*Asks:* 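Once you've had a glance at the structure underneath, I'll fire off some questions.
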There are 2 protein chains.
Amino acid sequence: MNNLLNNIQEILLMGPGPSCVPDAVYQAMSQKTLGHLDPYFLQIMDGIKEQLQAVLHTHNVLTVPISGTGSAGMETCFVNLVEPGDPVLILSNGVFGTRMQDVASRLGAKVDALEFTWGAPVIVEDVKKKLAGNAYKIVAVVHAETSTGVCNPVPEIGKLLQGSDTLFLVDTVTSLGGINIEMDAWGIDALYSGSQKCLSCPPGLSPVSFSDRAVAALQQRKSKVPNWYLDLSMIIKYWEGRKRVYHHTAPINMLYALYQALFLILEEGLEHVYQRHLENHRALVAGLEALGLKMVVEPQYRLPMLNSVYVPDGVDEAAVRTALLEKYKIEIGAGLGPLSGKIWRIGLMGHTARPENVTRLLDALKRLV
Amino acid sequence: MNNLLNNIQEILLMGPGPSCVPDAVYQAMSQKTLGHLDPYFLQIMDGIKEQLQAVLHTHNVLTVPISGTGSAGMETCFVNLVEPGDPVLILSNGVFGTRMQDVASRLGAKVDALEFTWGAPVIVEDVKKKLAGNAYKIVAVVHAETSTGVCNPVPEIGKLLQGSDTLFLVDTVTSLGGINIEMDAWGIDALYSGSQKCLSCPPGLSPVSFSDRAVAALQQRKSKVPNWYLDLSMIIKYWEGRKRVYHHTAPINMLYALYQALFLILEEGLEHVYQRHLENHRALVAGLEALGLKMVVEPQYRLPMLNSVYVPDGVDEAAVRTALLEKYKIEIGAGLGPLSGKIWRIGLMGHTARPENVTRLLDALKRLV
């Protein structure tokens, strides 16, 4: 039999995720599997919780990696907090804001969406007006919109909600590990992320954190969470306390990988990691502009880890991506939704955010556009 | 900083899963991460589908690994097929039958449960009586009840449903890769499994397969699947067809591991794999009985891969498990629910099912009981 795994080539992952994985993370992932109730594995779980609390700047007890990819984190936050008929406001300016609306609607939420231009940020003043006279159970927003490369003003939106009963739900899939997140200081009540972006761990896990207010909302539900697998009230009994109650078998080796990925980030230091992202982003933008390419997002709203750039007139965008992949072994991303065919998305996430990668991509693009 | 991963010891995993992982699977998992839309990765996905179809003996197009552990597979099958008010019959004789009731109830199913003695199989005659005069949308059963070690008569239950409109839903988490499964011949419409039992892959994936009838039921739903992450109508567009539509980022490296695990099973040959499980099971039972221990399940209903045995009077069951783990580096499982404290569960799953492991456990137990 032909084994396809024998011919996997190393690709420089400069798309919207997954990102490049450090060797130490691959090694961690292939350590011997332990049982999910092995006392030593429980120590590793405790370590992951502490690491996540550190990178999120939170004291939340309910801080755990969910056994699924980033979208499972989105599902987790909504399914644990939404009950049928609950009013939910979603601030939307990209694919992942749109996805939130779909996720919440399926759960019976009364979804109100405030739409903003794709490629531009959420406008805080508009949110303020919308909140006046409306009582939402949840206001949700994407911190780093992976589909456009825009950073949304999460701290400012958090301020608008201070003192209200509204829960603040934030997608940090692409931001975590690449730009600062202050979960507690910004008043975030429910947050999810993904392992395969700036954490530079393979895809498969979604860190989730709930504030005490969010936990209270979960405990006060009138009905059971309509999703056994993602019910945090049960999952937390496996992740917390002296007696661990088996819920589902944790993805042991993926959790090793996450532990190692977080270990590397904390070892380098959060500030250094963010600075590295920023410097490589600046070098990339300078290089792209020197090639005559135009960025999609205004400078002050740009994400360092997700750089969206317009495809020049007359250039076949798919052909360039194919040539990059086949000839130069570099992956970049296409546009999604209304931006499909119009932009490329260049990731500088985690381990990918290094000068040699920026140079390698720019050299290749120089030959192709 | 102290890195906990530096001190992971190799444990012989003889509990109810996860099982021991072959080196080739660890190596596969630590191959370089590819993008989830990389054409080469799409080939690997096609390979996994074909491998799963082969081990399940099915032609079902909708045969995919779900991005979550075995319980996510259970959730997937129910959430895609159940609409509020649907009558569902669950045949239950252990923890996982009980879990099915909880999962289906949360989704609004009208759950009818037929309970059987834990440690004994589902009685086909009782099911036949129950079906007379009742029209269920779904009848669900666990093939290999991991909590007791009982094999349920899936083919016979399938026969009862022939010619009816009822969908047959089967949990094969512990059976897949250890005993024969004939999905098509047995009339199974929806099936889920887990990677970490007899497939000997780390936990994190749940193979799922839907028959054409189950797909038709999914397509005829009145409402959207109330779970975006597990909506098979969207997931299949990523796994099938010429143009792959991004749904969520697949757990790339876990899928490498699953590919390799299935590759090894098909290379050894299904019949040889089943025979190996059976022979090691017989050797284990003979050895346990020679030690004066008594098996929980009658011989004709025993699973080869999950051996439940009574704790002898006067023996501290937890102390024995702790000594096995700490002194002999062997993990076995405790009893669950009504069997808690009364039995041990000894796994011979996949790569674990080897004569040297049986001998090592028996030698250790000899010193402890």
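These numbers come from the heavy atoms of this one structure, side chains and all, not from hydrogens, waters or symmetry mates. Just so it is clear, the structure is predicted and the values come from calculations on it, not from any experiment.
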*Asks:* Considering only heavy atoms, which portion of Leu107(B) lies under 4.5 Å from any heavy atom of chain A: side chain, backbone, both, or neither?
*Replies:* side chain

*Asks:* Does any backbone or side-chain atom of Gln27(B) lie under 4.5 Å from a heavy atom of chain A? Answer side chain, backbone, both or neither.
*Replies:*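 Neither part.
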
*Asks:* Which atoms of Glu75(B) are under 4.5 Å from chain A, going by heavy atoms: the side chain, the backbone, both sets, or neither?
*Replies:* side chain

*Asks:* Around atom NZ of Lys329(B), are there more than 12 heavy atoms of other residues, nucleotides or ligands at under 6.0 Å?
*Replies:* yes

*Asks:* So what's closer than 4.5 Å to chain B heavy atoms on Phe263(A): side chain, backbone, both or neither?
*Replies:* both

*Asks:* Tell me, side chain or backbone of Leu13(B) under 4.5 Å from chain A's heavy atoms, or both, or neither?
*Replies:* side chain

*Asks:* Considering only heavy atoms, which portion of Val79(B) lies under 4.5 Å from any heavy atom of chain A: side chain, backbone, both, or neither?
*Replies:* neither

*Asks:* Is it the side chain or the backbone of Ala257(B) that comes within 4.5 Å of chain A heavy atoms, both, or neither?
*Replies:* neither

*Asks:* Can you pull out every salt bridge (Lys or Arg N to Asp or Glu O under 4.0 Å) where at least one residue sits in residues 223-233 of chain B? Sequence neighbours excluded, please.
*Replies:*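 Of all non-adjacent pairs touching residues 223-233 of chain B, those that pass salt bridge (Lys or Arg N to Asp or Glu O under 4.0 Å) are Asp102(A)-Lys224(B), Arg106(A)-Asp231(B).
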
*Asks:* Go through the atoms of Asn7(B) and report whether side chain, backbone, both or neither lie under 4.5 Å from a heavy atom of chain A.
*Replies:* both

*Asks:* Does any heavy atom of chain A fall under 4.5 Å from the side chain of Leu4(B), the backbone, both, or neither of them?
*Replies:*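 Its backbone and side chain both get close to chain A.
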
*Asks:* Please classify the contact of Asn2(B) with chain A as side chain, backbone, both or neither, using a heavy-atom distance under 4.5 Å.
*Replies:* backbone

*Asks:* Which atoms of Gln31(B) are under 4.5 Å from chain A, going by heavy atoms: the side chain, the backbone, both sets, or neither?
*Replies:* both

*Asks:* Do the side chain of Gln260(A) and the main chain of Leu5(B) share a donor and acceptor less than 3.5 angstrom apart?
*Replies:* no

*Asks:* If only atom types and distance count, is the side chain of Tyr256(A) paired as donor or acceptor with the main-chain N or O of Val25(A) below 3.5 Å?
*Replies:*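 No, the answer is negative, given that no donor and acceptor are paired below the 3.5 Å cut-off.
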
